[in-house]
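A short write-up of the structure that comes next.
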2 protein chains.
Amino acid sequence: MATIGDVARAAGVSRSTASYALSGKRAISEEVRQRVAEAARALAYTPNAGARALATSQTMVLGLLAQFYEDEFAPAMMQYIRAVSDTARTLGYDILLVTEADGARALRRITDSRMVDGVVLLNIAEHDERLPVLRAAPRPGASVGLPADCSGLDVFDLDFEEAGRVMVDHLHRLGHRELILISQPEHVVHRGGAYVWRLRDAAVQRARERGVTLHAVYGESRQPAVGRLLNTLLDTYPSATGLLLNNEAAAAALPSVARARGLRVPEDLSVIGRYSDDFAATFSLPYSFIESAPDRLGSMAVRHLVRRVESTTARDEPYVVRFISPELVSRGSTAVPR
Amino acid sequence: MATIGDVARAAGVSRSTASYALSGKRAISEEVRQRVAEAARALAYTPNAGARALATSQTMVLGLLAQFYEDEFAPAMMQYIRAVSDTARTLGYDILLVTEADGARALRRITDSRMVDGVVLLNIAEHDERLPVLRAAPRPGASVGLPADCSGLDVFDLDFEEAGRVMVDHLHRLGHRELILISQPEHVVHRGGAYVWRLRDAAVQRARERGVTLHAVYGESRQPAVGRLLNTLLDTYPSATGLLLNNEAAAAALPSVARARGLRVPEDLSVIGRYSDDFAATFSLPYSFIESAPDRLGSMAVRHLVRRVESTTARDEPYVVRFISPELVSRGSTAVPR
DNA sequence: CTGAAAGCGCTTACAG
DNA sequence: CTGAAAGCGCTTACAG
């Protein structure tokens with residue numbers, strides 16, 4: 001493989017001149033610039049990334065830390081990964097994907113060894129063990145998801161409280177007075193999935209304010225348990241007219257449960273989910289839903305991170321916590337109660 | 001961040017001794033070894049990855065090239081990515097994930113710049129434009145999926161021909177004489193998805209040999225089209241007693257279609273799918289299926305790649321093409337025809 | 001068993 | 001506008 005030295009020799013200039021001609025970081029006579037460009041082209045010169053990283057302390061790589069849990073409904077994760085990866089590439093960065101079970105250790109490894117210029121944390125927990133590591137790390141980070149302590153990183157998340165209120169308000173306005181809310185399984189809360197209780201608590205409170213009866217339960221994340229649960233709930237609360245789903249697996253299972261029970265949506269039951277448009281397409285879910293916007297969140301996280309990485313002034317700006325407002329996408333699955 | 005020089009100074013030895021003490025690559029007195037280890041620990045020393053890569057020409061990073069297509073059923077991809085990532089980490093490698101639309105260009109970029117020691121290609125097409133780039137690249141590669149020309153890389157795939165035969169034979173043995181095979185959409189074939197016609201052609205031929213009528217059609221990849229297609233086919237071939245699915249979206253859509261038609265499986269219809277165990281769990285598919293084994297394939301690809309990367313003898317061994325034998329996982333969805 | 005030195009391939013002040 | 005040189009942080013022959 002050709003080095004900058006080969007290019008310089010071929011162009012008849014010094015290595016520094018070749019470097020400057022290629023980077024454009026100082027004035028170069030047009031003639032020399034062309035000779036260097038031509039030599040680089042002819043030799044198919046590509047800078048050695050390691051050497052450049054060593055010289056500049058920049059790798060043009062971002063770490064992406066994804067956590068996987070056995071008991072979790074996986075299809076949602078891919079969209080965040082794609083959003084982060086695509087946005088990063090647009091900005092000139094590659095992605096080092098880390099799926100190690102011990103996220104804290106992995107984070108330390110890739111930042112301490114200077115493999116990455118910054119880091120995006122996915123699937124963040126309320127008291128995420130990666131956070132102290134990130135705060136002590138020599139590289140900045142951003143998270144998708146809201147931890148209890150947001151110091152030392154930029155945070156991006158859906159406004160789950162508002163999402164809960166929007167769900168309740170929407171059905172209340174249509175005249176519903178008894179609703180069921182199925183959240184993620186309780187162990188997701190124990191693991192630190194704050195978005196579960198954030199939506200739930202806000203929905204419960206809003207329901208109380210509106211005089212709406214809300215049966216808030218924790219769900220399951222797998223079939224057939226989640227299907228059974230849906231049936232049990234519909235049996236237990238026959239007078240409930242609306243179903244709120246902060247649980248992807250439950251949403252994916254609902255169509256077949258509804259069909260089996262001969263339950264028409266929205267005539268017999270109004271339904272609002274919380275997932276992404278892409279998820280709805282994959283599972284062909286015919287329900288109105290709060291868009292969880294993984295693409296927007298992933299993209300925002302990367303853009304902010306890159307800004308912090310690249311600008312010396314941005315590096316020391318205060319950290320931000322940014323919420324996306326929930327958008328209710330109508331698919332016609334809500335109506336005046338029966 | 002501490003450098004090897006800092007460690008050496010703290011331990012009162014030269015940098016080379018510190019390096020050797022840490023790597024164990026030459027004999028070191030136990031006392032010095034301990035002093036160096038202690039100094040490294042105290043200073044939280046982590047080698048700079050770029051510097052090490054420059055000195056050793058090894059990055060300990062593997063590239064993972066994933067292609068995404070708009071018209072594709074995405075959930076399957078994640079399992080390959082996880083398998084590759086987890087296996088790589090086990091072997092001491094990190095993963096550079098590239099999702100760029102222009103895969104050939106991306107491949108050239110990461111290999112020419114020496115960002116990676118080797119490369120895994122996912123979602124490979126029959127005449128994949130990344131292949132010539134890989135053959136010319138200074139780094140070895142492995143693919144999951146079988147291209148037309150396997151020269152210059154290691155290839156791993158499910159034996160889709162055998163899968164087609166196993167499906168037909170299984171139902172033939174039970175007494176079925178008329179079957180429907182739903183493949184991926186035809187545009188997947190046009191794009192170079194050879195596994196589609198590999199399974200299809202083998203199934204067609206085996207059916208002919210066995211005297212079985214096989215209606216082989218291309219499917220859809222999205223709802224609601226795929227649901228409509230299922231209904232149309234079941235209407236068109238009412239005497240067919242078995243359904244073979246080489247199409248994830250169709251498999252995911254079948255339960256609700258069957259329920260809507262009051263169709264019992266396997267009493268009225270025997271069904272065999274082709275997907276992974278994980279996919280079956282996610283969509284709670286109650287059908288017997290040929291395991292597509294993304295974890296095994298991803299893991300094999302990485303192991304072979306790493307062997308080639310690390311061993312000078314393996315580097316020049318002939319390239320391999322390895323097929324996984326299809327395993328029929330019984331879920332009780334096949335029976336003697338009605 | 002240990003050290004001084006060269007070299008990996010870049011970038012960027014320093015000097016002219 | 002251009003070049004010679006230093007330096008980024010490692011590893012590894014070379015020498016003793």
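- Backbone-only contact: A:T46 has heavy atoms under 4.0 Å from sugar-phosphate atoms and none from a base.
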- request: Would you please test A:M78 and B:I81 for side-chain contact (heavy atoms from CB on, under 4.5 Å) and show each step?
  value: CA-CA 10 Å; A:M78 196 66 232; B:I81 295 179; 3.6 Å; yes
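- The distance from atom CD of B:E129 to atom CG of B:L107, rounded to the nearest 0.5 Å, is 10.5 Å.
- Ion pairing between a basic and an acidic side chain is recognised when a charged N comes within 4.0 Å of a carboxylate O; B:D316 and B:R308 show no such pairing.
- Taken together, the paired segments of DNA chain D that extend over three or more consecutive Watson-Crick or G-U pairs, each closer than 3.5 Å at both contacts, are C:1-3 with D:14-16, C:5-12 with D:5-12, C:14-16 with D:1-3.
- Salt bridge annotation for A:D149-A:R135: present, with a cationic side-chain nitrogen under 4.0 angstrom from a carboxylate oxygen.
- For residues 16-42 of chain B, proximity to DNA chain D is found at B:S16, B:S19, B:Y20, B:K25, B:R26, defined as any non-hydrogen atom under 4.0 angstrom from a strand atom.
- Contacts of A:S113 classified as side chain to side chain donor-acceptor pair (under 3.5 Å), with partners at least two apart in sequence or in another chain: none.
- Checking B:T17 against B:S14 by side-chain atom types alone, a donor-acceptor pair falls below 3.5 Å.
- Ionic pairing of A:R307 and A:E317 is present here: one or more N-O contacts between side-chain nitrogen and carboxylate oxygen are shorter than 4.0 angstrom.
- With a cutoff of under 4.0 Å to any heavy atom of chain B, the contacted region of DNA chain C is bounded 5' to 3' by C:dC1 to C:dG9.
- Electrostatic pairing of A:R109 and A:D102 does not count as a salt bridge here, judged by no charged N lying under 4.0 Å from a carboxylate O.
- For the segment residues 1-11 of chain B, the set of residues with a heavy atom within less than 4.0 Å of an atom of DNA chain C is empty.
- Taking the salt bridge (Lys or Arg N to Asp or Glu O under 4.0 Å) definition, one finds that A:D6 meets it with A:R9, sequence neighbours left out.
- A salt bridge does not link B:R35 to B:E38: none of the charged side-chain nitrogens sits closer than 4.0 Å to a carboxylate oxygen.
- Between B:R315 and B:E310 there is no salt bridge, since no side-chain nitrogen of the basic residue lies less than 4.0 Å from a carboxylate oxygen of the acidic one.
- Between A:D86 and A:R82 a salt bridge is recorded (basic side-chain N to carboxylate O distance below 4.0 Å).
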